**Student:** 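One structure, pasted below without further comment.
By convention in this document, chain letters (A, B, ...) are assigned in the order of the sequence lines, proteins followed by strands, and residues within each chain are numbered from 1. For clarity, every value in this text was computed on a predicted model and none was experimentally measured.
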Amino acid sequence: FVRWLVNMADVNRVIQTQSSNLTPVKDAGVKKSENIHSKSENQELSKEEKLRQRKEKKQQKKNRREDKGNAAQPEKNATESQVQQQKVSGPTVVPSDASVNNEKLPSGKSKAELRAERRAKQEADRAMKGVKKGDSSQSFGLKSKTAASEPQSVVKRLSEHVQADDPAAQKRLAKKLERQQVPLRNDYGTKVNLFSHLHQYSKKIPLTQQTSIPCTVIHPSIVRLGLKYSQGIITGSNSRCIALLHAFKQVIHDYSTPPNEELSRDLVNKLNPNISFLIQCRPLSASMGNAIKYVKKEISNIQSTVKEEEAKAILKECIDKYIQEKIYLAAKAICKFAIEKISDGDVILIYGYSSLVNDILCDAHEKGRTFRVIVVDSRPRQEGREALRRMVRKGIHCTYVIITAISYMLPEVSKVFLGAHALLANGYVMSRVGTSQIALVAKAYNVPVLVCCETYKFCERVQTDSFVSNELDDPDDLIVTQKGSTHLEDWQNNSCLRLLNLVYDVTPPDFVDLVITDLGMIPCTSVPVVLRVKNVEQ
Amino acid sequence: MSPGVDKETELSDRIETFLAELKRGGNGRGSAETARQTAGLLRRITAQARWGNAGELMDIIRKEGKRMVLAQSSETTVGNTVRRVLKIIREEYSRLRGRSEETDQQESLHKLLTSGGLSEDFSAHVPALRANVIEVINELLTELEGTLDNIAMQALEHIHSNEVIMTIGRSRTVEAFLKDAARKRKFHVIVAECAPFCQGHEMAASLSKDGIETTVITDAAIFAVMSRVNKVIIGTQTILANGGLRAVSGTHTLALAAKHHSTPLIVCAPMFKLTPQFPNEEDTFHKFVSPQEVLPFTEGEILAKVNVHCPVFDYVPPELITLFISNIGGNAPSYIYRLMSELYHPDDHDL
């Protein structure tokens, strides 16, 4: 990593010499030239050529449009102005930096003056754009951070990962990724019509095949992490979040502020391509989204007077505190609440592998409660086997069935414990696909359903069905060879056949009897209350 | 004498092979095929066995039938066919003896109420009985062969265009039903794969070859996609006497999800699947197969310490079912008990 930094410095010098050769094209579109440093890489020349070509195209476009009297590059400016409206760029939002333009004006003006000029220009553009685009649809975005004190004047954008069928949105995304030098992942296989707005990727084609090596834009630990996400090596919202935060700590450790830059602003911009890369590997979970929001908030709160080393230490400590408080201690608190609900002689049914539910049961077993567990599993992920292994190791008496057999097992079950991926603001529980089914059948047999979820997974989104926002996994996972014949082997060649591998589903609140959180035991409908309390605290 | 003895040994050989096949699980034969084979075998017994009067014939058939049912108690079509043949014998006997046929509805209702008291005397020798019984069994065989077409013919009355239909596992009846409708209408089918045997895959491959737009989903996603489904059409292994079903494992979840979304649940099943048996926990209702399908032996370290269950069937109560479509038309679940009285004689309910 030291070499990485040294390389950056060398390449900077190369850029400076080269940029004097380039024609100083209008700097509309360049917001922060400091990002030039961060975007340097070994393949200087090819990138330079590409940039030159792009600049020429832009110049032509500008000449064509100048007589319209509008600002140059209306599209590009529009996205930028939209971005300006948001306080802090979320991971799906482009800071619209201009790694594009590597050039710098010859030393006539200082950078600060350049910046001021550009800002003034963009204010003017935005004023015009604001009139034009005032009524463009602004809907809910997952990760936009807005001041909590203004709950209603939130301007949120729909994240691109649920707009796979909108070509304009996909083009915007492709442009943004190109600017950030993050490869774009292609969809795989024909999608079911109901889900054509979602992306469907294949596990056999990981994103890292398209990244250049060495990749200086994306930190190596993030590349490793993204690969683990897309291959399914790290699954489960808690593990993904903890792994993400550890990777961020590594990035912060290796970060060094470029001269004339402020850590609080620059570090966020350095993190954004990394986050885009992770999103391309696998869409973010609600827990990861909340964690990213927190980290960005902490970064932007760093005073400019604080020295770099101290700032980094502060940030790392914040991240550690977050993990400790929101995940580990929360788990302990939930265990304490949950053990009151487990009596001796209980038969408890669990579904799949939830780290929290596993902790609860192992803890209760250690505290001496006698109960037995029925583990329900489903294809194709078969995560229940992992839960089974861990509990058998602890000595808990277990039974194992597949989800089609729950009607047979439920008459002897006394309680159902379910984990959650996120709790939505209208009380719906978003969890692994199959959870809603278990809750439904348990309700039919009058068995109480308890959902365990930490508060950091609470999310302001609302959703009523499992279609509008979901994740499509690799459809090839469904193929299985039974008795020597694989019926679905060439489903791709059959235009009438589709495979659907959903990852999440939402459970309506009337199926859930109780939610156990670190703040206590609440009914499903009290989620917005908790969210409000949390926002006020922040 | 010796040709008679040969015939007898040949007959018992056939019965033995049939029983052995049943015990082994039927080599993937459908229930229709099993029913046809049973009826064929019973016809042979009627033709070749030595009996003097109707009572003796019924005893022979009952004895053989009991052995067949015991060989594979979950294969209820065998027992049902035996009961049908017994009813045929009773009817032919009373017809030949001069009593009127009970086609009158009131008569049958009266019979329903008073059936406990009458006991027929089957000891009279009626010469034409053998031939008549064989003839009626032939009619039964033709009926059995035509059940699939009869049910498929009703498909257009129930499926409109651009529908989304959900089904589970693999049922030859439903397959024929959907393929017949697909000739004239365009609709989508979602197939739940029905782990652990994943018969749904075969069904989906077969349907998509006929140009029906099919989607395969996992069993865990049944409730998630149910809100976009217009109808649920399933097959079943058995129809119980109260109108409930004994169907493949996972059907109860499907039925509950359909009820939650108020989606009609249609069961396509021919009449020979109707069993005069009520759901009863002690009645070996459930059948289990090797848990190797659920937790394979590769998970050896934990296999010894866990219980693994792999039930094959599910009970679906009649309240969750909207309609039965069979070869004699469509019926509500509340009407099943009447159909049963027309097919089987109450004395034969326990073989």
**Student:** Between OH of A:Tyr408 and SG of B:Cys310, what distance do you get to the nearest 0.5 Å?
**Tutor:** 11.0 Å
**Student:** What's the separation between atom NZ in A:Lys191 and atom OG1 in B:Thr215, rounded to the nearest 0.5 Å?
**Tutor:** 14.0 Å
**Student:** Counting only heavy atoms closer than 4.5 Å, note whether B:Ser227 contacts chain A via side chain, backbone, both or neither.
**Tutor:** side chain
**Student:** Checking B:Glu301 against chain A: side chain, backbone, both or neither under 4.5 Å from a heavy atom?
**Tutor:** neither
**Student:** Can you tell which part of A:Ala444 gets under 4.5 Å to a heavy atom of chain B, answering side chain, backbone, both or neither?
**Tutor:** side chain
**Student:** Against chain B, work out which of A:Ser378, A:Pro380, A:Ser466 has the most heavy-atom pairs shorter than 4.5 Å and name it.
**Tutor:** A:Ser466
**Student:** With side chains defined as the heavy atoms from C-beta onward, is the minimum distance between A:Gln482 and B:Pro196 less than 4.5 Å?
**Tutor:** no
**Student:** Working to the nearest 0.5 Å, report the span between OG1 of A:Thr404 and CD of B:Glu193.
**Tutor:** 9.5 Å
**Student:** Measure distances from A:Leu194 to the heavy atoms of chain B and classify the residue's part below 4.5 Å as side chain, backbone, both or neither.
**Tutor:** side chain
**Student:** How far apart are the C-alpha atoms of B:Ser208 and A:Asn494, what are their side-chain angles, what is the distance that settles it, and do they pass the side chain to side chain donor-acceptor pair (under 3.5 Å) test?
**Tutor:** CA-CA 7 Å; B:Ser208 57; A:Asn494 193 343; 2.9 Å; yes
**Student:** Could you point out which residue of A:Leu500, A:Val433, A:Asp465 forms a side chain to side chain contact (heavy atoms under 4.5 Å, CB included) with B:Val225?
**Tutor:** A:Leu500
**Student:** Can you tell which part of B:Ile212 gets under 4.5 Å to a heavy atom of chain A, answering side chain, backbone, both or neither?
**Tutor:** backbone
**Student:** Name the option with the most non-hydrogen atom pairs under 4.5 Å to chain A; the candidates are B:Val294, B:Ile302, B:Val306.
**Tutor:** B:Val294
**Student:** Between A:Val441, A:Leu440, A:Leu502, A:Asp505, which residue shows the highest count of heavy-atom pairs closer than 4.5 Å to chain B?
**Tutor:** A:Leu440
**Student:** Is there side-chain contact between A:Trp491 and B:His201, with heavy atoms separated by less than 4.5 Å?
**Tutor:** no
**Student:** Under a 4.5 Å heavy-atom cutoff, which of A:Ile403, A:Leu488, A:Val392 has the most pairs with chain B?
**Tutor:** A:Leu488
**Student:** Where does A:Met409 contact chain B at under 4.5 Å (heavy atoms): side chain, backbone, both or neither?
**Tutor:** side chain
**Student:** Any sub-3.5 Å donor-acceptor pair from B:Glu213's side-chain atoms to A:Leu497's backbone N or O?
**Tutor:** no
**Student:** Do A:His487 and B:Met203 come close enough that some side-chain heavy atom pair is under 4.5 Å?
**Tutor:** no
